[in-house]
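Proteins come first, then strands; the chains are lettered A, B, ... in the order of their sequence lines, and each starts at number 1.
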Amino acid sequence: MDYEFKKIEKKWQERWNEAKAYKASEDRSKPKFYCLEMYPYPSGKLHMGHVRNYSIGDVLARFKRRNGFNVLYPMGYDAMGLPAENAAIQKNIHPREWTLNCIELMKEQQHQMGFSYDWDRMVSTCLPEYYKWNQWIFIQFFKNDLAYKKKVPINWCKKCGTVLANEQVIDGLCWRCDTEVEEKELEQWLFNIRKYADELLDSLDDLKEWPEKVKLMQKNWIGKSVGTEIIFQVTDSELIIPAFTTRPDTLFGVTYLLMAAEHPMIPELIENSPEKEKIDTFIAKTKKKSRIDRLADTQDKDGIFTGRYFNHPLTGEKFPIFVADYVLMDYGTGAVMAVPAHDQRDFEFAKKFDLPIRVVITPDKDNPLRVEEMEEAYVDPGMVVNSDKFDGMTNENAKKAITNELKSKGLGDFSTTYRLRDWLISRQRYWGTPIPIIYCDSCGIVPVPEDDLPVVLPDDVKFTGEGNPLDTSPTFSKAACPECGEPARRETDTMDTFVDSSWYFLRYLSPDDSEKAFDSEKADFWLPVDHYIGGITHAILHLLYARFFIKALRDLGLTKISEPFKRLTTQGMVLNNGEVMSKSKGNVVDPGKLIDKFGTDSIRTFILFAAPPEKEYDWNDDGIFGASRFLNRIWNMVSDNKEILIKYGKSETTYRYETKEEKQLARAIEAATKQVTESIESLHYNTAISGMMELFNELRDFITAVSGFQTNDVQAALVSKGILRLLSLLNPFAPHITEELWEAIGGEGFISLSDWHKYDPSLLATDEITLAVQVNGKVRGQLVVSSDLSEEEIKEQAQQVPNVSKFLNGNIRKIIYVKNRLVNIVV
RNA sequence: GCGAGAGUGGCGGAAUUGGCAGACGCGCUGGAUUUAGGAUCCAGUGGGCUUACGCCUGUGGGGGUUCGAGUCCCCCCUUUCGCACCA
């Protein structure tokens, strides 16, 4: 008979609510612990990924609370974004209505899961009370040169009339209407994240409790590269072309120069070229294929001679200038010095266009590389040759020497470039934060005065699926210039929703504050977040943006901290048959149905037991029966032993345990406490649960083996202690059933707010130890000895073990004893 | 191509500093019991050999270090993830 989980779970959720059991405040008498989960996009339905994410966090929050921490554990909704707008288009429902409805549904399911959030702190980013502060922060950024407007290339869908994010371009086509995406230049708003590139990179080292993998991904994304910028003089011209290189040591091996098709200097360079038309065609072709084909054929290099030459900065020699499709405008300077002997791409290009190849680095100076014999570029370190006065240097030394030479002649300098680009935040969409800017013909770009915030999203808009709905509002874009009062135009772009999520964890600290974005004092108290849990999918973008925000806010004097998240756990995805769960694949497992069938305690216990948090988990329905059975067995064990639990439950009496069974159970209780405690701390919830299962098995074995224990004070108290301990340890995982059983046996208050047990190491010690006895590393028998026996005696006894002696043959070379573990006899 | 992980029973997964591989659960097999439930309880469960005590073998493959290797070192294979012409 299953216990009545539905009734019980509802009962305790209501009790916790009424008592505001998990409310957090700035109580300075206890150490603080900020436990944060990545807030969800409110799709309306919880999916298994959410269940896993929040179960991980909830166990931690409950554990820390019971260990004397003042725990802040909030929840909110990342409520702006495209799905709401699509719902508006498809179902003719306003995004706000759709979103708020979804939030209610989602919140209801989270309540059902029994997560111990402080719901009074809930935040929804789609409300003007929240996005007002996005706008306020934007204005602070704008005033401090962290937000600026610039013409940038973007993905443009003509049919939808909107910009697309890179992820929304699929095989060069618009994800929604399959129209070919154009590259276009548009005036867009950007955040100057590059200003923080160095700090974002360097302080990764301070994040000791982040997964290396995530830090590495961020490092690669920032892509810092140190080198030299060299100025190349165009022959018979005043024009100069700067090029960035990480290999200034190969400067004497340069035999041509390459420029990106988008390079702004090209029109001037080819102005008078007889081949102008051909070059233009090539450039047009290259620009068009950019994103689409560049990904497809990264091997085939193509280019065209511009008809122009440059003079080598140190030798004065004349070399040709090419336009090449593999040179990118948005990295470095958009121009590259080509060294075919020491760069594989240049090598291939030189072969194709029959350009000279000059060896300037060689691995062995007595036996230099021969161009004729080279089948690929030599890119490793070596000795400098054919480089005038730099010959004989190691190439590492030559990097500095050659750069210094260039520097002294005003032809170059040390330089650093980054792969990281500034963060483009403009979106031509409705359901986001309006960018608080007004364009005035006479005053230019003017921020909305802070007193006029928020700039609220208008309702008089049409959702047609084409263009920015904000442009359809007859009123929104009309505004008076804040400076001169003349009629002006309001910005209709909205912000990327990653802006919302870059600081929401600060808003939780004072969600109802109408005076400021967040309370700096509270931020100093609660931040950094002690443990942040979320999907690996956000390893780069969200986590990098949030780190950037905190640093920027710090420099604005609003917070003292430099890193928002102290410890990070990226939980693995929940798959189904090896595939991501998605509506289109029809393989979504609905947690709602499972809650209904098994109860939330079983689901929580199961999902945490199934695999360690960081690992992917391929969903399998069967396993959940195990968790459900486990809880039912505990329920029955408590019911069967109710009398002794009520009688001995609160007893503090300590007893001496005499029998083997008593000693074993007493020890198992402490061992489980130790294991569960340590496993939770290291987030190995699966082994924590197996530890509790072992304790249960020990209790069951004791109850079965020792008849009449109910009437024996020592034994009844021991069983009672064991069961209570089990409930206590289980509570963070299965909070409802444990509260109910706790109450049923006369426990006072909430078990979820009771003190966590410290294990007693003295009870862990045994007076008998079992050793494995090996001969030449192979286990041949076992030896049970008293724990105070000397090493000599143990070695002696080991030889007498029945199955061991026959392998000895009398010639023992060595005996190795590993304390409490084994004896290995080498013959 | 570059970078970072991961390979353990039928399955999910355990294994302190190198120290009895397979904890715990699922599944499966056999048994008990029952107002038949995905119930409960007991026993078994890596492979091979053996009537049995036991023996051999076994953590992707191949070498090595060691009294002893899932764990450390070298080479290879498979696989997942990230980046992908970054000058």
With respect to the phosphate group of A39(B), does any side-chain polar atom (N or O) of R633(A) fall under 4.0 Å of OP1 or OP2? no

Give a yes/no verdict on a cation-pi contact between R604(A) and F733(A), requiring under 6.0 Å between NZ or CZ and the six-membered ring centre and an angle within 45° of the axis. no

Side-chain N or O of R780(A) closer than 4.0 Å to phosphate OP1/OP2 of C55(B): yes

On a plain distance test, is the side chain of Q774(A) in donor-acceptor contact with the base of C67(B) below 3.5 Å? no

Between K597(A) and G38(B), does any side-chain N or O lie under 4.0 Å from OP1 or OP2? no

Pairing check on A6(B): which nucleotide meets the Watson-Crick or G-U wobble criteria with it, both distances under 3.5 Å? U78(B)

Any strand is fair game: report the nucleotide pairing with C28(B) by Watson-Crick or G-U wobble, both distances under 3.5 Å, or none. G44(B)

Looking at the side chain of P612(A), which of A4(B), C86(B), G13(B) is the nearest nucleotide? G13(B)

A611(A) side chain: which of G19(B), G12(B), C55(B) is closest? G12(B)

Do Y685(A) and T605(A) have a side chain donor and acceptor closer than 3.5 Å? no

Phosphate contact (C55(B) OP1 or OP2) by N803(A) side-chain N/O below 4.0 Å: yes

Minimum-distance nucleotide to R700(A) side chain [options: A4(B), A14(B), C42(B)]: C42(B)

Should G54(B) be called syn or anti, with syn set as within 90° of 0? anti

Please confirm whether the shortest side-chain N or O distance from N697(A) to OP1 or OP2 of A23(B) is below 4.0 Å. no

Who does G1(B) pair with, Watson-Crick or G-U, both distances under 3.5 Å? C83(B)

Would you tell me whether T228(A) and T403(A) have side-chain atoms, one donor and one acceptor, within less than 3.5 Å of each other? yes

Could you tell me the Watson-Crick or G-U partner of A15(B), where both distances fall under 3.5 Å? Say none if there is no partner. none

Look at the rings of F322(A) and F305(A) and say which category their plane angle falls in: under 30° parallel, 30 to 60° tilted, over 60° perpendicular. tilted

Return the nucleotide paired to A69(B): Watson-Crick means purine N1 to pyrimidine N3 with N6-O4 or O6-N4, wobble means G-U with N1-O2 and O6-N3, both under 3.5 Å. none

Under 4.0 Å between a side-chain N or O of K615(A) and OP1 or OP2 of G13(B)? yes

Determine, for Y326(A) and K301(A), whether the Lys NZ or Arg CZ falls below 6.0 Å from the six-membered ring centre while staying within 45 degrees of the axis. yes

Which of G19(B), A87(B), A14(B) is nearest the side chain of L328(A)? It is A87(B)

Is the Y256(A) to F349(A) ring centre distance short of 6.0 Å? yes

Pairing partner of G38(B) (Watson-Crick or G-U wobble, both distances under 3.5 Å): none

Among C85(B), A4(B), A84(B), the nucleotide that comes nearest once only the side chain of R345(A) is considered: C85(B)

Taking the P atom in each of U71(B) and G63(B), what is the distance between them to the nearest angstrom? 14 Å

Can you tell me which nucleotide in C20(B), G38(B), A87(B) comes closest to the side chain of T770(A)? C20(B)

Is the phosphate of U40(B) approached by N636(A) (side-chain N or O, under 4.0 Å from OP1 or OP2)? no

Would you please confirm or rule out a distance under 4.0 Å between OP1 or OP2 of C86(B) and any side-chain N or O of T417(A)? no

If I pick the C1' atom on G13(B) and the same atom on A21(B), what distance separates them, to the nearest angstrom? 13 Å

Assess whether one donor atom and one acceptor atom, taken from the side chain of K814(A) and the base of C67(B), lie less than 3.5 Å apart. no

Under 3.5 Å donor-acceptor pair, D622(A) side-chain atoms to C26(B) base atoms: no

